[in-house]
Amino acid sequence: MASATLQGYLDCSATTPLAPEVASAMAAVQASAWANPSSLHGPGLAAAETLERSRQRLAEALGCSGQLCFTSGGTESIHLALLGAAAHLWDGTGSAPRCLISAVEHPATTAAAERLGDLGWQISRVPVNREGLLELDQLETLLKPPTRLVSLIWGQSEVGSLMPLAAIAQRCQQAGVLLHVDAVQVLGQLPFDFDALGVDLMSLAAHKLRGPRGIGLLLARAGVPLKPLFGGGGQEGGWRSGTEPVALAAGFAEAVERRLALLEAAPRAMAGLRDGLLTSLLEQPGLALVGPDPRRSPSDRLPHHISLLVSGQDGRPLPGRALVKQLSKEGYAISSGSACQSHGDGRSPVLSAMGYDPLTAASGIRITLGDWHRPDDLLALPEVLSRAIRVSRPELR
Ligand SMILES: Cc1ncc(COP(=O)(O)O)c(C=O)c1O
């Protein structure tokens with residue numbers, strides 16, 4: 001099997017390779033600020049100063065004047081947000097409150113919501129339309145009592161839809177309901193100002209934007225109370241115990257600043273590259289766009305993201321997984337829509353929630369670009385994909 005080069009790596013929604021500048025920044029911090037930031041001696045104080053500097057850099061880059069809590073990644077941030085906020089919202093007595101999530105959340109949010117369900121919360125899912133966009137009128141209806149907490153994905157990882165966050169935040173504020181947003185896919189793709197968004201809590205991870213694996217962030221509006229998930233040394237303002245990874249935090253800050261500088265210099269670069277590739281892909285038989293069409297409504301889709309439904313020469317859906325394997329032999333790394341959350345038969349819960357039938361819901365593939373890609377890297381892909389469709393055998397269904 002050919003292993004994908006960086007040019008053939010088209011799975012940036014799964015993770016991204018560390019940027020060289022980020023690796024250098026981390027190595028420098030690891031060499032100079034390796035001590036425990038809680039120690040009172042000189043090396044400890046140096047580590048604490050470096051850690052707080054990274055936090056400050058992130059606060060400025062993301063427009064957050066509240067609290068920034070480092071975690072191990074997106075999954076932990078989401079659990080801290082939901083379980084930590086819920087513990088303050090309800091003490092388990094009296095009638096059960098409700099938590100809303102969407103029908104197309106990442107499994108981390110679904111799992112955290114299930115934990116709330118075990119604690120007695122009612123959980124409801126807000127439906128999405130055929131494009132994977134949240135049904136706002138349904139949200140409005142569901143925001144009535146006993147809803148106390150809402151957790152929604154902003155940029156959907158599988159089908160690229162960008163939820164209308166301003167309208168969502170406004171409705172949650174009007175209803176007096178706490179809003180947590182999973183922005184793991186959005187960070188590095190769109191600039192944003194946390195304070196101006198009107199959300200209460202936001203989960204982020206460094207590894208989707210060429211930062212290190214193993215570090216995430218929970219941003220919190222000033223004054224939002226949270227109960228920690230576990231106890232210990234009381235680091236991170238008491239929200240997340242454990243000796244802080246100073247070099248990872250510096251890598252996170254470097255990665256965010258690096259990406260935001262690239263976005264500022266060329267705001268449409270990624271979307272332009274994506275749109276060119278999408279047009280060429282849709283000229284091939286057997287490929288259809290799923291999720292919002294960015295050429296019609298660019299603000300409804302993540303700029304690096306393409307998701308497609310694949311059908312064979314007989315017009316019947318082909319399993320996305322078969323295509324992923326076939327492309328891997330050709331040196332391309334893409335993903336089937338359902339990589340993280342398959343039912344076992346390859347059927348994607350996200351495509352099912354968007355109203356696709358079971359066979360079609362197993363036929364999704366996802367192509368997500370990185371900031372190193374250039375048009376030449378993508379020229380051969382439509383033909384390679386088309387060939388893969390032609391050789392995909394019926395028994396792979
Ligand atoms: C939208 C979304 N939320 C949460 C996560 C979980 O983040 P992590 O893998 O850093 O725990 C991911 C990762 O794929 C994601 O895409």
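Note that the structure is predicted; figures quoted are calculated from it, not measured.
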Can you name the closest pair of heavy atoms from [X] and [Y] and give their distance?
X    : Y    : answer
V186 : G155 : CG2-N, 3.5 Å
R55  : C69  : NH1-CA, 4.4 Å
V22  : G211 : CG1-CA, 4.2 Å
G198 : A169 : O-CB, 3.7 Å
L385 : L287 : CD2-CD1, 3.8 Å
V256 : L187 : CG2-CD2, 4.2 Å

Give a yes or no on whether the backbone of [Y] and the side-chain of [X] come within a donor-acceptor separation of less than 3.5 Å.
X    : Y    : value
D300 : L162 : no
R171 : A167 : yes
H88  : G84  : no
R268 : L273 : no
R259 : G188 : yes
R210 : P17  : yes
H106 : T109 : no
H373 : Q7   : yes
S241 : G232 : yes
T279 : D275 : yes

Between [X] and [Y], a side-chain donor and acceptor under 3.5 Å:
X    : Y    : result
S161 : E131 : no
S102 : E105 : yes
H180 : S203 : yes
T368 : H304 : no
S297 : R301 : no
Q56  : E60  : yes
S157 : S13  : no
S39  : N36  : no

Establish whether [X] and [Y] are linked, either directly or via other cluster members, by ILVMFWY side-chain heavy-atom contacts under 4.5 Å.
X    : Y    : result
V246 : L45  : no
L204 : L262 : no
Y332 : L281 : yes
L308 : L369 : yes
F230 : I78  : yes

Spacing of [atom1] belonging to [X] relative to [atom2] belonging to [Y], to within rounding of 0.5 Å:
X    : Y    : atom1 : atom2 : answer
L100 : L149 : CG    : CG    : 8.0 Å
D182 : Q156 : CG    : CD    : 9.5 Å
L80  : L229 : CG    : CG    : 5.0 Å
I334 : K325 : CD1   : NZ    : 12.5 Å
S392 : R387 : OG    : CZ    : 12.0 Å
C64  : D193 : SG    : CG    : 9.5 Å

Run the salt-bridge test on [X] and [Y] with the 4.0 Å N-O cut-off and return the result as yes or no.
X    : Y    : value
R221 : D195 : no
D314 : R316 : yes
E114 : R125 : no

| What residues, two or more places apart in sequence or in another chain, satisfy side-chain contact (heavy atoms from CB on, under 4.5 Å) together with P267? |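 For P267 there are no side-chain contact (heavy atoms from CB on, under 4.5 Å) partners, ignoring immediate neighbours.
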
| field | Ring-face cation contact, Y356 with R347, 6.0 Å cut, 45° max | value |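 Because its charged atom misses either the 6.0 Å distance or the 45° angle limit, R347 does not stack over Y356.
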
[X] versus [Y]: any side-chain heavy-atom pair under 4.5 Å?
X    : Y    : value
I215 : S72  : no
N129 : E135 : yes
L226 : L201 : yes
Q122 : T147 : no
R366 : D11  : yes
M26  : P212 : yes
L134 : V104 : no
V150 : L178 : no

| message | Classify the ring geometry of F252 against F70: parallel below 30°, tilted from 30° to 60°, perpendicular beyond 60°. | response |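 Taking F70 first and then F252, their aromatic rings sit tilted (interplane angle of 30° to 60°).
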
| query | Under the side chain to side chain contact (heavy atoms under 4.5 Å, CB included) criterion, do S151 and L82 qualify, and how do the steps go? | reply | CA-CA 7 Å; S151 179; L82 266 72; 3.3 Å; yes

Over 12 foreign heavy atoms within 6.0 Å of [atom1], [X]:
X    : atom1 : value
R115 : CZ    : no
E383 : CD    : yes
Q174 : CD    : yes

| query | By the rule that ILVMFWY residues connect when side-chain heavy atoms come within less than 4.5 angstrom, directly or transitively, which residues belong alongside Y9? | reply |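 L6, W372, listed by chain and number.
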
